[in-house]
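Here is the structure we will look at, set down as structure tokens.
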Number of protein chains: 2
Amino acid sequence: MSLPHAILTALLEKPSSGLELTRRFDRSIGYFWSATHQQIYRELGKLEAEGYIRALPSQQPTRGQKKSYGVLPAGRAELARWTAASQDPKPPRDTLLLRLRAAAVVGTEGIEADLRRHLVLHQRQLAEYEEIEQRDFGPGRGTAQDRLQHLILRAGIDLETFWTRWLTHALEEFEGLSTAEGS
Amino acid sequence: MSLPHAILTALLEKPSSGLELTRRFDRSIGYFWSATHQQIYRELGKLEAEGYIRALPSQQPTRGQKKSYGVLPAGRAELARWTAASQDPKPPRDTLLLRLRAAAVVGTEGIEADLRRHLVLHQRQLAEYEEIEQRDFGPGRGTAQDRLQHLILRAGIDLETFWTRWLTHALEEFEGLSTAEGS
DNA sequence: CAGGCCATGTAACAGGTTACATGATTCT
DNA sequence: AGAATCATGTAACCTGTTACATGGCCTG
């Protein structure tokens with residue numbers, strides 16, 4: 001039950017059409033909640049049926065015609081309710097750690113290269129986040145909204161920092177493994 | 001396509017029945033790949049049909065009767081293949097960050113209490129991991145397998161450390177928000 | 001033999017993924 | 001007119017979630 005609320009948030013920030021939403025998910029919200037355009041269209045239909053959003057006037061509902069949505073009061077209320085409601089953190093699902101655990105049983109053949117590849121990807125993501133931080137958040141303290149956004153970005157930066165450090169450490173361990181005792 | 005491989009790994013570590021697997025998922029593998037008993041039974045059926053595992057002899061297949069599985073050579077081969085295959089990291093899905101982003105739009109009412117609650121939960125998880133580290137991994141360097149397992153545990157510890165730090169920082173920010181400028 | 005627990009399983013549904021289809025617009 | 005692209009949408013499938021059903025075993 002998160003995608004509809006992600007969409008409501010995005011639409012409150014700026015009324016958009018389905019494809020515009022998809023693009024914005026690829027950039028910002030998708031950093032911690034990704035979605036494909038099919039998911040988004042499906043969900044837009046539901047949200048409209050429930051009376052949380054409405055298609056902005058001036059367009060007829062034909063196929064291939066751009067259609068923008070705006071959030072209705074009921075939608076904003078539902079988003080506020082969901083935001084304030086307590087939710088348990090879900091255990092992470094991480095394939096790489098799972099593969100490492102499997103490697104402890106069936107052998108580490110081939111996984112080191114992928115660790116290296118992941119390290120590069122995380123370094124790249126980290127650099128992207130830091131660039132955004134430089135650009136959007138100067139040293140002075142902005143509005144309350146700015147500080148919240150910065151806080152979220154900080155989570156992204158710290159997470160990617162964790163991964164790059166851990167992967168670096170893991171690769172060092174791997175070198176130790178192969179020099180000291182072979183497979 | 002990760003659950004079947006998680007199960008193969010667990011079965012290689014130790015042949016088990018469905019419920020035993022469920023319990024082990026709750027403890028160790030579930031720290032980064034959780035699963036309910038329904039998922040596990042469904043997947044055990046598929047794995048058996050594909051010839052990756054087989055029910056150990058000595059039990060008849062009646063309902064309510066314990067049934068243990070062991071991994072066949074084809075299963076081990078499939079696990080090795082999957083472990084070595086390159087996979088892209090998937091963007092994280094984090095509800096809490098999503099809620100913070102929503103809070104930037106509809107107001108932070110009520111979310112601070114949940115941040116505090118999450119902080120406690122992550123501290124607890126961190127303590128649990130550190131206890132395991134104390135108990136299972138001494139100062140000396142063990143076998144290659146031990147070092148891999150330790151590496152995975154380190155990821156858990158560092159992740160929980162990240163969350164506790166970030167949540168602490170976030171709560172400080174919130175105090176700043178309410179004293180300095182109200183809602 | 002009643003109640004509780006252990007163990008396996010079915011069913012219905014929600015959410016996410018992949019492949020493909022179709023109408024409109026723009027460019028050549 | 002044809003091709004490329006933009007935009008919306010359908011369909012099938014897979015994974016994960018929730019609720020419930022059933023049989024066997026143990027204990028009082």
Does B:Leu126 have any side chain to side chain contact (heavy atoms under 4.5 Å, CB included) partners at least two apart in sequence or in another chain, and if so, which?
-> B:Glu130, B:Ile157, B:Glu160, B:Thr161, B:Thr164
For residues 77-115 of chain B, the ring pair (Phe, Tyr, Trp, His ring centres under 6.0 Å) pairs (sequence neighbours left out) are B:His5-B:Trp82
Which residue pairs pass the ring pair (Phe, Tyr, Trp, His ring centres under 6.0 Å) test with at least one member in residues 91-125 of chain A, sequence neighbours excluded?
-> A:His122-A:Trp163
Indicate yes or no: at least one non-hydrogen side-chain atom of A:Thr108 is less than 4.5 angstrom from one of B:Thr83.
-> no
Please tabulate, one pair per line, each protein N/O and nucleotide N/O from nucleotides 16-18 of chain D that are separated by under 3.5 Å, including the distance.
residue	atom	partner	partner atom	Å
D:dG16	OP1	A:Arg93	NH1	2.7
D:dG16	OP2	B:Gln39	NE2	2.9
D:dG16	O5'	B:Gln39	NE2	3.2
D:dG16	N7	B:Arg42	NH1	3.1
D:dG16	N7	B:Arg42	NH2	3.1
D:dG16	O6	B:Arg42	NH2	3.0
D:dT17	O4	B:Arg42	NH2	3.1

Can you tell me if the side-chain N/O atoms of B:Lys46 get under 4.0 Å from OP1 or OP2 in D:dT15?
-> yes
Which parts of residues 6-21 of chain B get close to DNA chain C, meaning a heavy atom less than 4.0 angstrom away?
-> B:Ser17, B:Gly18, B:Leu19
For residues 87-117 of chain B, which residue pairs qualify under ring pair (Phe, Tyr, Trp, His ring centres under 6.0 Å), counting only residues two or more places apart or in two chains?
-> none
Send over the distance from A:Leu47 CG to D:dT8 C1', rounded to a whole Å.
-> 16 Å
Would you kindly give the CG-to-P distance between B:Leu56 and C:dA7, to the nearest whole Å?
-> 15 Å
Separation of C:dG9 P from B:Leu44 CG (nearest whole Å) | 8 Å
Provide, to the nearest angstrom, the distance between the NE2 atom belonging to B:His37 and the C1' atom belonging to D:dA19.
-> 10 Å
Test side chain to side chain donor-acceptor pair (under 3.5 Å) applied to A:Arg99 - qualifying residues, sequence neighbours left out | A:Asp114
Going by atom types alone, do B:Ser28 and A:Arg101 pair a side-chain donor with an acceptor below 3.5 Å?
-> yes
Protein-nucleotide distance (A:Ile40, atom CD1; C:dT17, atom C1'), rounded to Å | 14 Å
When you check the phosphate oxygens OP1 and OP2 of D:dG9, does a side-chain N or O of A:Tyr41 lie under 4.0 Å from one of them?
-> no
When the distance from CZ of B:Phe25 to P of C:dA7 is rounded to whole Å, what number comes out?
-> 17 Å
N or O in side chain of B:Arg23 less than 4.0 angstrom from C:dA7 OP1/OP2 = yes
For B:Ala6, enumerate each residue passing the side chain to side chain contact (heavy atoms under 4.5 Å, CB included) test, keeping only those at least two apart in sequence or located in another chain.
-> A:Leu98, B:Phe25, B:Ile29
For D:dG9, take OP1 and OP2 only and decide whether either is under 4.0 Å from a side-chain N or O of A:Lys67.
-> yes
Sequence neighbours excluded, which residues qualify as side chain to side chain contact (heavy atoms under 4.5 Å, CB included) partners of A:Arg23?
-> A:Leu19
